[in-house]
Visitor: 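A single structure is presented below for examination.
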Amino acid sequence: MFRFSWSRYGRILFVCFFLGFIYYLLKPVKDALIVTAPDAGAEAIPFVKAWLLFPLSIGLAALFIRMTQSYSLTTIFHFFVASFLLFFVIFAFLLYPYRESLQLTHFADELQTYLPAGWKGFCALFRYWTYCLYFILAESWGTIICCVLFWTIVNEFTVLEDAGEFYPALILSGNISAIIAGSVSAYIASLAETLYFPLGTNAWEQILYHQTLLILVSGLAAIQLLHGIDLPNRLKASHDQPRVPVRRALLEVLKNRHLFALSIMTLAFNLFINLSEVVWKDQVGKAYADPFEYSSYMNQVTFAIGIVSSIITLAICGNALKYFGWTATALLTPLIVLTFGAFFYSSILFETQLPFIAL
């Protein structure tokens, strides 16, 4: 029987909340910087992910694995979170105010003359390198901090008997963070014209600076909450075991139908996200060309995601697994994607022929 204990589980729940809160504050800002920038747009996102985010993710993952050999998970958590927070503060209060002199505009213009028009997004890596750096660090917060590092800590920390009831509470905590982040961001946006921060000259910059301060406070709160918790590091002990070659590991995945199915689901999910988000964000960028308007709209989307995710977590997931089984429940996601994706792409393809679809 799961028994809640503040000293054991309460802190982790709030750490989950603050990490998710930061993620949902970063998400609209990172997209607004790239999508609304002249000569960049949503088409630059695949180039940013392929040329910058992918190698950075490999490097951070390698650093994390290397650090598990010598340091505790708490120390690793403090190091990664503090490093990310330091960058976000440097960007907001140093890189962004002096962006005009830092961006490699002339080099990007010269490069554009030698490359096809479809490579405008690649030139944006140089034209807006500070924006791109913010984008990949914000994306890495979701993958490295929220997924890899946090869930590694959870798995090392949680007693097996409590996992079945504690994990849904963690998921719900993350969903609530989306609701609150969207609400807080919308509130800041509504006051942006009257807020005053010495470096901010318009509403968008006021949002950037105030949300950066929220990110800093939330990150420090997460560090403080995890401080003093004794986490066993079974990963350190596992390094003494013989390593399995990559080829053998892949063969084991192919032979095990459950692992193979999970691999296909993960691959399909990432393919869909990367193929669809560019089109969707491009449409949003056309409707909201100003970064202030774009981020305000994305905050509304974040709030809606939190509400819908919470309802699904509380009312659908558990009952679906109970009455319909794992396979039928797993098929819900692709069916929903197929249905709403058909409406979305139809609204783009047939906008002139059937204008009522695009409304």
Visitor: Looking only at non-hydrogen atoms, find the nearest pair between C146 and W151 and report the distance.
Guide: O-CD1, 3.2 Å
Visitor: Working to the nearest 0.5 angstrom, can you tell me the gap between L226 CG and H78 NE2?
Guide: 5.0 Å
Visitor: Out of curiosity, does I179 fall in the hydrophobic cluster containing L172 (side-chain heavy atoms, cut-off under 4.5 Å, transitive links)?
Guide: no
Visitor: Please work out which of the three classes, parallel, tilted or perpendicular, describes the rings of W141 and F84, given edges at 30° and 60°.
Guide: perpendicular
Visitor: Under 6.0 Å between ring centres, would you say that holds for Y134 and Y96?
Guide: no
Visitor: Using a 4.5 Å cut-off on heavy atoms from C-beta on, say whether the side chain of V35 contacts that of V284.
Guide: no
Visitor: Determine yes or no for a side-chain-to-main-chain donor-acceptor pair under 3.5 angstrom, with S173 supplying the side chain and L13 the backbone.
Guide: yes
Visitor: Can you measure from CG (L137) to CD (E139) and round to the nearest 0.5 angstrom?
Guide: 10.5 Å
Visitor: Around F54, counting heavy atoms of other residues, nucleotides and ligands shown, do more than 12 lie under 6.0 Å from its CZ?
Guide: no
Visitor: Distance only, no hydrogens: is a donor on one side chain within 3.5 Å (strictly under) of an acceptor on the other, for Y167 and N155?
Guide: yes
Visitor: Closer than 3.5 angstrom, by distance alone: can the side chain of T113 be matched with the main-chain N or O of E110 as a donor-acceptor pair?
Guide: yes
Visitor: Please examine the side chains of E43 and D282, heavy atoms only from C-beta on, and report whether any two atoms are closer than 4.5 Å.
Guide: no
Visitor: Quick one: closest heavy-atom pair of I45 and K281, and the distance?
Guide: CD1-CD, 3.8 Å
Visitor: Determine the interplanar angle of the W119 and F47 rings, folded into 0 to 90°, and report it as parallel if under 30°, tilted if 30 to 60°, perpendicular if over 60°.
Guide: tilted
Visitor: Does one side chain, of N175 or T313, offer a donor that lies under 3.5 Å from an acceptor on the other?
Guide: yes
Visitor: Does a side chain donor of either T75 or S72 reach within less than 3.5 Å of an acceptor in the other side chain?
Guide: yes
Visitor: Can you tell me how far the NZ atom of K120 sits from the CG atom of L115, to the nearest 0.5 Å?
Guide: 13.5 Å
Visitor: Just wondering, more than 12 heavy atoms not from W280 lying within 6.0 Å of its CH2?
Guide: yes
Visitor: Decide if the gap between the ring center of F107 and the ring center of W129 is smaller than 6.0 angstrom.
Guide: no
Visitor: If you look at every heavy atom in L25 and A181, which pair is closest and at what distance?
Guide: CD2-O, 4.1 Å
Visitor: Of all the heavy-atom pairs spanning P28 and M298, show the shortest one and how long it is.
Guide: CB-CB, 3.6 Å
Visitor: Apply salt bridge (Lys or Arg N to Asp or Glu O under 4.0 Å) to residues E277 and K49 and explain how you reach the verdict.
Guide: CA-CA 12 Å; E277 74 166 351; K49 288 189 173 183; 2.3 Å; yes
Visitor: Report the C-alpha separation of F79 and Y71 in whole Å, then their side-chain angles, then the decisive distance to 0.1 Å, and conclude whether the ring pair (Phe, Tyr, Trp, His ring centres under 6.0 Å) test is met.
Guide: CA-CA 10 Å; F79 169 78; Y71 302 98; 8.3 Å; no
Visitor: Can you find a heavy atom in the side chain of C16 that is under 4.5 Å from one in the side chain of I12?
Guide: no
Visitor: Is D290 close to T36 at the side-chain level, that is, under 4.5 Å between some pair of heavy atoms?
Guide: no
Visitor: Between W204 and L33, is there a side-chain heavy-atom distance shorter than 4.5 Å?
Guide: yes
Visitor: Quick one: are L213 and Y209 in side-chain contact, heavy atoms under 4.5 Å?
Guide: no
Visitor: Over 60° means perpendicular and under 30° means parallel, so classify the ring planes of Y131 and Y128, tilted if in between.
Guide: parallel
Visitor: Sub-3.5 Å donor-acceptor pair from the side chain of H227 to the main-chain atoms of I223, do we have one?
Guide: no
Visitor: Quick check: F126 with F122 (ring centres under 6.0 Å apart)?
Guide: yes
Visitor: What do you reckon, is NZ of K27 surrounded by more than 12 foreign heavy atoms closer than 6.0 Å?
Guide: no
Visitor: Drop me the distance from R127's CZ to L104's CG, to the nearest 0.5 angstrom.
Guide: 10.0 Å
Visitor: Does the S346 side chain pair with the main chain of F343, one donor and one acceptor, at a distance under 3.5 Å?
Guide: no
Visitor: Has the side chain of S101 got a donor or acceptor atom that lies under 3.5 Å from a matching backbone atom of Y98?
Guide: yes
